[in-house]
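Per chain, numbering begins at 1; letters A, B, ... match sequence-line order. Values reported hereafter were calculated over all heavy atoms of this structure, with side chains retained and with hydrogens, waters and symmetry mates removed.
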There are 2 protein chains.
Amino acid sequence: MPMNTTEQIRALINRLARLDAAETWEADLNPAQIAALEYLARANRFSRAPSHVAEFLGTTRGTMSQTLKSLVRKGYLTERRSENDRRSITYDLTVPGVALADRRGVLLGAIGVLPDREQQHLCERLSQILTARLAANGGRAFGICKTCAHHRATGDGAYCALLSLPLTPEETTQLCHEQVTA
Amino acid sequence: MPMNTTEQIRALINRLARLDAAETWEADLNPAQIAALEYLARANRFSRAPSHVAEFLGTTRGTMSQTLKSLVRKGYLTERRSENDRRSITYDLTVPGVALADRRGVLLGAIGVLPDREQQHLCERLSQILTARLAANGGRAFGICKTCAHHRATGDGAYCALLSLPLTPEETTQLCHEQVTA
DNA sequence: GTCGATAGCATCGAGTCGAAACTATTGCAA
DNA sequence: TTGCAATAGTTTCGACTCGATGCTATCGAC
């Protein structure tokens with residue numbers, strides 16, 4: 001029974017991710033650890049708690065708790081308890097953590113074979129699929145801050161209307177767990 | 001530091017695969033087991049040995065050996081020693097195995113939001129990336145039999161010029177570890 | 001017949017996986 | 001103010017994957 005296009009796309013996505021994950025072992029981290037580290041490298045300060053990483057990657061808080069603890073032991077993360085809510089914890093990347101998150105693999109080179117226009121197009125299509133996938137069972141999008149309905153541009157920086165907090169220019173390019181596409 | 005398009009594509013591929021994998025646990029199989037089962041469901045009779053599955057999924061023979069044994073224990077596969085080469089083993093799907101490989105998840109539905117033309121386009125782009133990725137470190141393509149340089153169409157069925165063996169029509173639509181794009 | 005290459009397997013320690021039970025904190029409401 | 005449910009994170013459990021290493025059986029070329 002030959003596969004239809006839809007199934008082929010799913011198979012390609014899974015195989016590419018699997019091959020990319022296999023590279024990961026070159027460092028002293030496994031795929032789950034790299035995935036968590038890369039998320040934390042791109043998330044803003046409101047979105048770096050264990051429950052956020054767990055939701056982003058489709059796993060449980062318990063599992064993510066272990067993964068994050070092991071990254072702390074290896075020196076790639078530090079944990080910081082919140083002042084306001086003493087239950088919550090935020091993880092920050094250390095200098096080696098940032099270096100590792102910026103590491104690039106063979107897959108990036110392979111994506112580079114496509115011309116810029118095609119990359120742009122591909123990126124949009126995959127985003128559409130992700131949005132549909134998340135909508136199917138109420139997942140959050142974790143989109144970029146400045147594309148959010150709560151984002152307000154001010155003179156110099158920006159402002160979050162949901163959290164009533166000022167934002168630095170850098171923060172507006174990061175991922176946020178509260179993001180709602182405008 | 002904002003991500004460029006290339007990095008975004010990689011991140012999207014990994015996140016989609018991860019979310020798809022999370023669904024997998026609804027059955028009594030984990031992502032690695034499902035991936036192996038789905039490969040075996042699509043591979044031809046020359047490409048269903050542990051070393052083939054391992055190469056396809058970018059893992060080692062040792063690890064794959066364990067995964068396949070556990071699928072046998074669960075009743076989704078049967079193993080069969082080769083007549084010609086007594087070292088080699090071929091795995092076949094049982095009836096429950098076929099049923100499980102055909103199971104469809106939320107991701108397929110999400111891919112379905114794209115119109116057919118876009119799916120076709122997306123499929124080609126991802127294939128290009130995969131080809132480039134494999135070329136980067138000498139991996140095999142595991143392409144479809146009838147697109148192979150060794151494929152010869154005959155009157156009724158077909159013929160493999162590499163293995164000097166006749167092929168059924170069905171076999172020419174399956175994956176082959178020897179495939180070389182014509 | 002020897003010997004290297006190949007195919008698969010067993011074992012090891014670290015770590016992931018979900019599930020479930022647990023602690024500490026928060027916030028709401030009677 | 002007390003009570004209680006919701007929330008955030010952790011711990012423990014058993015099954016399993018991960019790569020690495022070393023092992024056996026078989027094959028094939030010389």
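Checked against salt bridge (Lys or Arg N to Asp or Glu O under 4.0 Å), A:R61 has no partners two or more places apart in sequence or in another chain. Shown here are the salt bridge (Lys or Arg N to Asp or Glu O under 4.0 Å) partners of B:R86, two or more places apart in sequence or in another chain: there are none. For B:E118, the salt bridge (Lys or Arg N to Asp or Glu O under 4.0 Å) partners two or more places apart in sequence, or in a different chain, are A:R125. Partners of A:Y39 by ring-ring contact (aromatic ring centres under 6.0 Å, His included), not counting sequence neighbours, listed by chain and number: A:F56, A:F142.
Sequence neighbours left out, the pairs with a member in residues 112-136 of chain A that pass ring-ring contact (aromatic ring centres under 6.0 Å, His included) are A:H121-B:H121. Among residues at least two apart or in separate chains, there is no ring-ring contact (aromatic ring centres under 6.0 Å, His included) pair with a member in residues 59-85 of chain B. Pairs engaging residues 156-182 of chain A under the ring-ring contact (aromatic ring centres under 6.0 Å, His included) rule: A:H52-A:H177 [sequence neighbours left out]. The stretch residues 77-100 of chain A participates, sequence neighbours left out, in no ring-ring contact (aromatic ring centres under 6.0 Å, His included) pair at all.
Salt-bridge check for A:E7 with B:R42: failed, with every basic side-chain N at 4.0 Å or more from each acidic carboxylate O.
Using a 4.0 Å cutoff to heavy atoms of chain B, the contacted part of DNA chain D runs 5' to 3' from D:dC16 to D:dC27.
Overall, the helix from C:dG1-D:dC30 to C:dA30-D:dT1 carries an axis bend of 10° between its ends, with five pairs at each end and the value rounded to 10°.
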Distances under 3.5 Å between protein N/O atoms and the N/O atoms of nucleotides 23-25 of chain C, please, pair by pair.
residue: C:dT25; atom: O2; partner: A:R87; partner atom: NH1; Å: 3.4

Checklist entry - Where along nucleotides 9-22 of chain C does protein come under 4.0 Å, by heavy atom, of base (B) or sugar-phosphate alone (S), with - for untouched nucleotides? => result S-B---SBBB----
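In the model, A:D85 has no side-chain atom that pairs as donor or acceptor with a side-chain atom of A:S82 under 3.5 Å.
Test B:R80, B:E79, B:R45 against B:T90 for side-chain contact (heavy atoms from CB on, under 4.5 Å) and you get one pass: B:R80. Each of A:R18, A:R10, A:R15 was compared with B:E38 under the salt bridge (Lys or Arg N to Asp or Glu O under 4.0 Å) criterion, and only A:R10 meets it.
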